[in-house]
Amino acid sequence: MQSAWTEPAAQLVAEPGNTNSTVSAATQAGSGRSSYVPPHLRNKPKAVAPIDNYVSVAARSNGLGDSRDNLGSAGPADLPTTSAGAWGSRSSASTGMPSTGAWSAGRFSAGGGNKVVSGGSDGWQSNRTSSRLNGKSTWGVGTDVDPFPAEEPSTGVFDQENTGINFDAYEDIPVETSGENVPPPVSTFAEIDLGQILNENIRRCKYVKPTPVQRHAIPISLSGRDLMACAQTGSGKTAAFCFPIIAGIMRSSPPGRPRGGRKAFPLALILSPTRELSSQIHDEAKKFSFQTGIRVVVTYGGAPVHNQLRDLERGVEILVATPGRLVDLLERGRISLSAIRYLALDEADRMLDMGFEPQMRKIVEQMDMPPAGQRQTMLFSATFPREIQRLASDFLGNYIFLAVGRVGSSTDLIAQKIEYVLDADKRSMLMDLIHAQKALGTSNQHQLTLVFVETKRGADALEDWLSRMGFPATSIHGDRTQSEREQALRSFRSGQTPILVATDVAARGLDIPHVAHVVNFDLPNDIDDYVHRIGRTGRAGNTGLATALFNEKDLSLARPLAELMQEAHQEVPGWLMNFASRANFGGGGRNRRSGGGPRFGGRDFRKESGRGGGDRYSGGGYGHANAVGSSAWD
DNA sequence: AAAAAAC
């Protein structure tokens, strides 16, 4: 029934009858926040009982397995636990790194200071550093070099702080799993045998304790199961799918030689919807793969293909990509997917929506990738609309659905404000907001403001206006060149231009530390997009502010927005409630609810599809969810 | 209607 994670010994026994479980961490932990003791400090001596399925499987693998004493000894003692003072100590200390041209960066060269988009995977962990490219090297004292030179260990590599993580904020979030024989969650990394080298990298990264999504998703993935996971970005998704992939590759076969020839045969494929996000995932995966011999390569459009081809020729085990360039390289015959054993889709609901679905079907179903069942497929997103879940099941075998309550988004951690503003008054309102934000900022930390607009034109226009008004602003959107995009991101991260005007290209997944304020200058049409946008602040358990400018044009968003804000214990102005009730009668539109409403990141659509076959959505049993004239047809 | 994603 429930899957407790309090007692490792108990939880490691598989429960054959376990098909559904809805659990609350708070209930399970049975401990209030005041008395909270991090799991890694609880049963420290005997951290791992050797009765774990996964342990035994891995232990007989290839000698990489026995990590127990490793983690035990390396463990908590020498790791800083949650320390307060989030940003303070790492604020400035620019080491004026030689700024290479945008393109020389990262993924094209094995060494060298690079990484256009660095930062952390999903923010949760300690990787909340500023971009190394912008000169704010926070990797260690005076470390400007690539954190992952091909072979040589760099002492500064992992010397970042594990700060700013509000663990308590993660202790009472609800978790829901469904599917057959759900492997029980773990409480500590020590309980999972990820292999010695990976454990060492985890230690270097100073990840003291798995996040909720990691606690659940990693055991599931390690057991070989397909997975659909709903968890807010900022909760450690990237590591959740990277660790099992890396561990799986290492335990099955030593990282292979390049197979000669020009065609690459990756073993794992990680897809994401934007170039910057793929770049960020690549950076993370490289850290986790440090000294494993596993080669991580990223390919995406807008960048010279030559360098990417060269990287591929050198061999690749884990390929990170955006769909367009991948299709291109597949058609050129430079990549084969026949060896794929792991497929991970980040922001999976976006990857499967109308814009991406044809490409996704081509990659997954029409090239040479092994079919579902013969590969392991993992889908991750903060939002999972029902119709997308239905579509996604085409890509999955008998999968487990996992939903972890939204963290860092529609929680108390993000203060959500909403202002009624006519279009004509939006700019002056924005100016007021920026001034107010500036007043809040302290001298030694930058206060970044991320402004979302609806169109690329609008982004250009607003950037231009802000600049003319004397505000240090830049912009990122799909009409800018890739080097301009990355330059803009660097400039924003570094605080050089603390205002970034963005389209939805920046809405998902990007981990940008210090974003204090997200302004929805234009609101999106879809509440899920709103969720992703405001998730750019309040990351890793820190607080953030999100302000939305609302007017009649946003009528269709009124109701889902009001519901979301209520769920997040935000004050909902009366006028918005009025709009919401108006929208109820036809103003509505295409606001598909993420299955299950905001309380959970989502809900397994398999539980609700009790109706006739082929239905586009199952309206029944959803309470308010479908109230907004939700034609699932969009 | 818009945005993203190959050349």
Side-chain angles (χ1 to χ4, degrees), chain A residues 103 107 117 269-282 298-309 312 319-335 345-364 366-367 381 383 388 423 450-462 475-486 488-489 500-510 520-533 536 552-557 588-592 631 633-634:
Chain A
W103 280 129
R107 50 219 72 82
V117 182
L269 177 61
I270 300 171
L271 294 168
S272 93
T274 68
R275 298 163 182 174
E276 287 78 11
L277 185 51
S278 279
S279 176
Q280 179 178 293
I281 294 167
H282 170 248
V298 65
T299 65
Y300 53 70
V305 75
H306 175 78
N307 305 297
Q308 297 176 3
L309 288 173
L312 290 169
L319 178 62
V320 187
T322 49
R325 176 60 60 87
L326 176 60
V327 168
D328 181 33
L329 296 176
L330 287 168
E331 289 174 342
R332 294 186 193 207
R334 300 300 297 264
I335 296 176
L345 307 190
D346 202 4
E347 309 296 342
D349 59 330
R350 173 60 79 240
M351 301 305 291
L352 296 172
D353 79 5
M354 287 191 347
F356 277 113
E357 186 191 345
Q359 282 174 307
M360 290 305 303
R361 289 204 180 275
K362 174 146 196 168
I363 292 167
V364 179
Q366 293 158 28
M367 302 305 288
S381 183
T383 52
I388 299 288
D423 282 352
L450 180 52
V451 183
F452 282 104
V453 296
E454 192 60 16
T455 65
K456 293 176 281 194
R457 277 188 82 242
D460 281 335
L462 190 57
S475 69
I476 183 169
H477 61 70
D479 275 353
R480 306 202 73 189
T481 67
Q482 191 56 28
S483 60
E484 285 172 335
R485 285 164 59 159
E486 299 186 2
L489 213 44
L500 179 67
V501 183
T503 60
D504 271 330
V505 69
R508 286 173 172 257
L510 294 187
N520 275 290
F521 188 86
D522 300 319
L523 274 162
N525 294 312
D526 191 313
I527 189 65
D528 287 346
D529 292 332
Y530 174 84
V531 169
H532 286 275
R533 286 180 177 187
R536 294 319 98 210
E552 270 85 357
K553 289 181 185 157
D554 307 304
L555 183 61
S556 68
L557 201 65
R590 30 164 325 220
N591 295 296
R592 35 163 218 199
S631 123
W633 299 84
D634 277 4

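First the proteins, then the strands, lettered A, B, ... as listed; each starts at 1. Remember, it's a predicted structure, so these values are computed and weren't measured experimentally.
- Residues satisfying the salt bridge (charged side-chain N to carboxylate O under 4.0 Å, His left out) criterion with A/R361, sequence neighbours excluded, are A/E357, A/E365, A/D394.
- One can place CG of A/L557 at 15 Å from C1' of B/dA2, the figure rounded to the nearest angstrom.
- Using a 4.0 Å heavy-atom distance criterion, A/V505 is classed as a sugar-phosphate-only contact.
- Listed pair A/T503 / B/dA4 meets the phosphate criterion, a side-chain N or O lying under 4.0 Å from OP1 or OP2.
- Set against B/dA2, B/dA5, B/dA6, the side chain of A/R485 has B/dA5 as its closest nucleotide.
- In this structure, A/R275 atom CZ and B/dA5 atom P are separated by 5 Å, rounded to whole Å.
- Under the salt bridge (charged side-chain N to carboxylate O under 4.0 Å, His left out) criterion, A/D504 pairs with A/R533, not counting sequence neighbours.
- When rounded to the nearest whole Å, the span between CZ of A/R361 and P of B/dA5 equals 22 Å.
- Note on A/R332: nothing from the nucleic acid sits closer than 4.0 angstrom, heavy atoms only.
- One can place CG of A/D528 at 19 Å from P of B/dA3, the figure rounded to the nearest angstrom.
- Each of B/dA6, B/dA5, B/dA1 was ranked by its minimum atom distance to the side chain of A/Y300; first place goes to B/dA6.
- Using a 4.0 Å heavy-atom criterion, one finds that A/G478 contacts the sugar-phosphate atoms exclusively.
- The residue from A/V320, A/L277, A/L345, A/L319 that alone fulfils the side chain to side chain contact (heavy atoms under 4.5 Å, CB included) condition with A/L271 is A/L345.
- The side chain of A/H477 sits closest to B/dA4 out of B/dA6, B/dA4, B/dA1.
- Closest to the A/T455 side chain, of the nucleotides B/dA5, B/dA2, B/dA6, is B/dA2.
- As rounded to whole Å, 14 Å separates atom P of B/dA3 from atom CG of A/D353.
- Between A/T322 and B/dA6 there is a side-chain polar atom (N or O) within less than 4.0 angstrom of OP1 or OP2.
- Rounded to a whole Å, the CG atom of A/D504 is 14 Å from the C1' atom of B/dA5.
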**Item:** Derivation and outcome, side chain to side chain donor-acceptor pair (under 3.5 Å), residues A/S278 and A/S272
**Value:** CA-CA 6 Å; A/S278 279; A/S272 93; 2.9 Å; yes

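- Regarding A/L329, its CG atom lies at a distance of 10 Å from the P atom of B/dA6, rounded to whole Å.
- Neither side chain, A/Q280 nor A/E276, offers a donor N or O lying under 3.5 Å from an acceptor on the other.
- A/K456 has a side-chain polar atom (N or O) that falls below the 4.0 Å cut-off from OP1 or OP2 of B/dA4.
- In the interface, the side chain of A/D529 is not paired with the base of B/dA3 through any donor and acceptor atom under 3.5 Å apart.
- Whole-Å rounding puts the A/F356 CZ to B/dA2 C1' distance at 13 Å.
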